[in-house]
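Note that these values count all heavy atoms, side chains included, but never hydrogens, waters or copies made by symmetry.
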Amino acid sequence: MSPEALLWFVLAAVAVVVVARWLASRTGLPSAALLTLIGILYALLPGPNITLDPHIVLTVVLPPLLYSAAVDSSLLAIRKNMRIVVSLSVVLVLVTALAIGWGFHLFVAGATLAAGVAVGAAVAPPDPVAALAVGRRVNLPPKLVTIIQGEGLLNDATALTILSVAVTAAVSGTFSFAAAAGQFVLAATGGLVVGAAVAWAVRLARPLTRDPLLSNAISLATPFVAFLLGEELHVSGVLAVVVAGLIVGHHTPRLASGASRLQTSAVWRLVDFLLEGFVFLLIGQQFPNVVRGLRQYDTSTIVVAVAVSVGVVLLLRPLWLILNQSLPRWMHTRLGGASDYDDDTPGSARRAAREARNARRLTGREVVALSWSGTRGVISLAAIFTLPLVTDSGEPFPDRDLLLFCAFVVVLVTLVGQGLTFAPLVRALGLRADEADQARVRNEARSASVEAALARLAEVAAEEPEHIDAVEAMRTQLHSRLTRYRGRLDQLQATDSSRLPDSPRYEAALRIRRAVIDAQREELLRWRDAGRLPDEGLRVLERELDHEELRLPARKP
């Protein structure tokens with residue numbers, strides 16, 4: 001493909017991604033499913049196509065997507081739900097891989113256990129992109145968002161490590177459980193250490209992160225440094241990226257300036273949007289190549305292999321979640337960490353701790369929603385495409401084409417089937433975030449921050465009495481803000497609903513502030529067009545208005 005043709009192809013792909021995103025916003029359908037279907041339709045038409053290169057996906061595409069998701073995650077929230085996150089991202093991935101492996105070994109003619117475990121490891125980790133996109137649109141509760149996010153961050157490292165062990169066994173024809181377990185522990189521990197080391201290095205670069213451009217450069221380079229360093233040391237590069245992202249994201253409010261955070265956030269949103277769009281288009285385009293490799297297999301063999309793969313993926317997840325939540329209370333306490341109270345704790349505190357622990361357990365509706373959130377994505381395809389063509393003996397890798405097809409069907413069924421039905425299911429279950437409670441917390445935090453500012457202002461007045469006019473002007477602004485926040489908080493505390501109460505006065509204030517900003521922009525443009533204001537000055541003043549507008553909530557706070 002010539003450079004010009006490649007450029008046209010990329011531009012066309014960008015146009016398709018934009019249109020699919022627009023359609024998704026208008027119809028409520030997940031853009032991931034739409035892009036996958038568009039990719040399949042395009043692949044069936046004559047014309048140039050792109051073949052998935054698994055090494056490019058795992059080296060170039062996966063690290064930034066994982067890092068961006070990790071930076072936006074909550075380290076504290078994931079730690080609070082660590083038991084269920086680890087259960088899904090480590091134990092369930094391992095159980096899924098082994099279950100599919102044994103299914104292939106028992107029911108698929110000629111299939112080996114190692115080959116079955118290989119495809120099981122590839123399809124075991126859910127890709128949370130589609131589920132989270134839908135979940136945020138339907139206002140999924142933060143607890144479920146955290147679990148889906150945390151699972152998606154950690155399960156890729158588990159799956160790729162299991163896949164490496166299974167491929168080694170299939171290629172060499174030998175398998176040692178002790179060696180496999182040791183390899184897994186070494187890869188995971190090394191990934192944790194490398195990720196923490198990279199995050200520490202980013203913290204050392206704190207002076208550079210005050211500059212928005214330098215901060216962006218460091219942020220974009222961090223996931224690739226973590227991944228390549230991990231792979232170079234033969235540990236989990238994927239886990240290194242995730243750990244680095246979680247730590248950096250947790251400390252970013254202290255490390256970076258406000259301008260750096262705004263710019264870096266905008267850059268990563270664009271990177272996510274384009275990479276995710278290309279990834280799902282790429283998934284669909286692999287369909288014809290995968291189907292062409294099935295000519296050597298009987299229809300019955302294909303059906304059984306697909307049934308084992310899809311059946312285990314769809315059935316094992318809800319069963320695992322139900323089993324997980326059915327454990328005795330004392331096991332939940334042990335698995336969740338130390339007990340919340342001891343024998344000397346007062347009865348009221350013991351009851352509060354018990355209620356908090358029970359609140360951390362999933363309800364039946366939450367189990368159903370999480371069961372249907374396990375969409376698979378490009379990681380599954382990239383992983384299965386890394387299977388070698390031949391074994392150490394020179395023989396073809398056992399059932400490679402069949403394994404590719406099974407992985408593709410699992411991705412297609414979960415991405416399109418679950419992706420299209422996840423939003424209606426969540427609505428039918430009545431799962432929604434408690435908007436009023438979230439708004440209460442935000443307004444309480446806003447009030448506390450203003451009170452801290454007033455206290456600091458009193459110290460400044462004592463230290464710099466010659467600037468008392470400036471101090472009083474700022475104190476007036478802060479008191480006005482505090483009055484507004486407390487008024488909103490009183491209104492929120494008076495409501496019993498989980499929905500935000502209507503506030504005509506508040507909505508009118510937002511409309512007026514936006515109208516004022518629009519009028520200022522129009523006047524600045526008139527000055528520019530009349531030659532009274534240079535473009536450089538216009539951009540400076542527009543940026544001031546943009547930051548002011550950015551402070552206004554897109555929805556009720």
Side-chain angles (χ1 to χ4, degrees), residues 30-33 62 65-93 96 123-159 238-239 241-242 245-246 249 272 276 279-280 313-314 316-322 324-325 359-380 410-411 414-434 438:
S31 58
L62 181 60
L65 287 178
L66 283 176
Y67 182 78
S68 175
V71 167
D72 285 339
S73 300
S74 169
L75 182 62
L76 296 178
I78 290 177
R79 188 163 60 188
K80 185 186 298 183
N81 295 280
M82 183 58 71
R83 182 188 58 78
I84 184 66
V85 168
V86 171
S87 172
L88 292 174
S89 61
V90 178
V91 185
L92 179 58
V93 169
T96 301
V123 302
D127 181 353
V129 173
L132 284 176
V134 175
R136 290 192 176 104
R137 191 169 63 245
V138 297
N139 206 14
L140 199 65
K143 177 180 178 180
L144 297 188
V145 171
T146 298
I147 292 173
I148 295 172
Q149 224 171 19
E151 176 190 10
L153 290 174
L154 301 175
N155 59 16
D156 292 329
T158 305
V238 171
L239 189 57
V241 171
V242 170
L246 285 171
D272 286 346
E276 289 169 3
V279 157
F280 290 117
V313 165
L314 293 183
L316 185 57
R317 184 178 178 86
L319 290 176
W320 182 263
L321 285 166
I322 293 171
N324 188 281
Q325 296 305 303
R360 288 198 291 269
R361 298 183 67 170
L362 299 174
T363 66
R365 292 184 300 165
E366 290 173 337
V367 168
V368 173
L370 281 178
S371 299
W372 206 242
S373 66
T375 54
R376 270 60 177 178
V378 71
I379 305 305
S380 295
V410 170
V411 170
T414 57
L415 187 58
V416 177
Q418 292 181 321
L420 291 175
T421 56
F422 187 55
L425 175 66
V426 171
R427 293 192 188 98
L429 292 172
L431 287 172
R432 287 182 60 86
D434 191 328
Q438 292 176 336

- side-chain hydrogen bond (donor to acceptor under 3.5 Å, both in side chains) assessment of Ser87 paired with Trp320: CA-CA 9 Å; Ser87 172; Trp320 182 263; 2.7 Å; yes

- Message: With side chain to side chain contact (heavy atoms under 4.5 Å, CB included) as the criterion, how do Val426 and Asn139 come out once you've worked through the C-alpha distance, each side chain's angles and the decisive distance to 0.1 Å?
- Response: CA-CA 9 Å; Val426 171; Asn139 206 14; over 6 Å; no

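- With values rounded to the nearest 0.5 angstrom, Leu321 atom CG is found 9.5 Å from Leu316 atom CG.
- A donor-acceptor contact shorter than 3.5 Å links the side chain of Thr375 to the backbone of Asp127.
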Distance-only donor-acceptor pairs under 3.5 Å for side chains of residues 145-152, two or more places apart:
from: Thr146; atom 1: OG1; to: Pro142; atom 2: O; distance (Å): 2.9
from: Glu151; atom 1: OE1; to: Arg317; atom 2: NH2; distance (Å): 3.0
from: Glu151; atom 1: OE2; to: Arg317; atom 2: NH1; distance (Å): 2.7

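- The nearest pair of heavy atoms linking Ala33 to Leu420 is CB-CD2, 4.0 Å.
- Put simply, CD1 on Ile78 and OG on Ser89 are 9.5 Å apart, with the number rounded to the nearest 0.5 Å.
- Among residues two or more places apart in sequence or in another chain, the side-chain contact (heavy atoms from CB on, under 4.5 Å) test is passed with Ala69 by Leu153.
- Under the side-chain contact (heavy atoms from CB on, under 4.5 Å) criterion, Leu429 pairs with Arg365, Val368, Ala369, Leu425, Leu431, sequence neighbours left out.
- When Asp156, Leu246, Leu66 are each tested for a side chain to side chain contact (heavy atoms under 4.5 Å, CB included) with Val241, only one passes: Leu66.
- Partners of Thr421 according to the side-chain contact (heavy atoms from CB on, under 4.5 Å) rule, which considers only residues two or more places apart in sequence or in another chain, are Trp372.
- Remark: Gln418 CD to Leu314 CG distance equals 5.5 Å, nearest 0.5 Å.
- Residues Phe280 and Leu415 have side chains in contact (heavy-atom distance under 4.5 Å, counting atoms from C-beta outward).
- Taking both residues in full, the closest heavy atoms of Asn81 and Ile84 are given as O-CG2, 3.2 Å, listed atom of the first, atom of the second, then distance.
- With sequence neighbours excluded, the residues that form a side-chain hydrogen bond (donor to acceptor under 3.5 Å, both in side chains) with Asp272 are Ser68.
- Partners of Leu239 according to the side-chain contact (heavy atoms from CB on, under 4.5 Å) rule, which considers only residues two or more places apart in sequence or in another chain, are Leu154, Ala157, Ala188, Leu192, Ser236, Val243.
- Applying the ring-ring contact (aromatic ring centres under 6.0 Å, His included) criterion to Tyr67, with sequence neighbours excluded, gives Trp268.
- Using a distance-only test at 3.5 Å, with no hydrogens or angles considered, a donor-acceptor pair links the side chain of Asn155 to the main chain of Pro126.
- Between Val411 and Ser380, the closest heavy-atom pair is CG2-CB, 3.7 Å.
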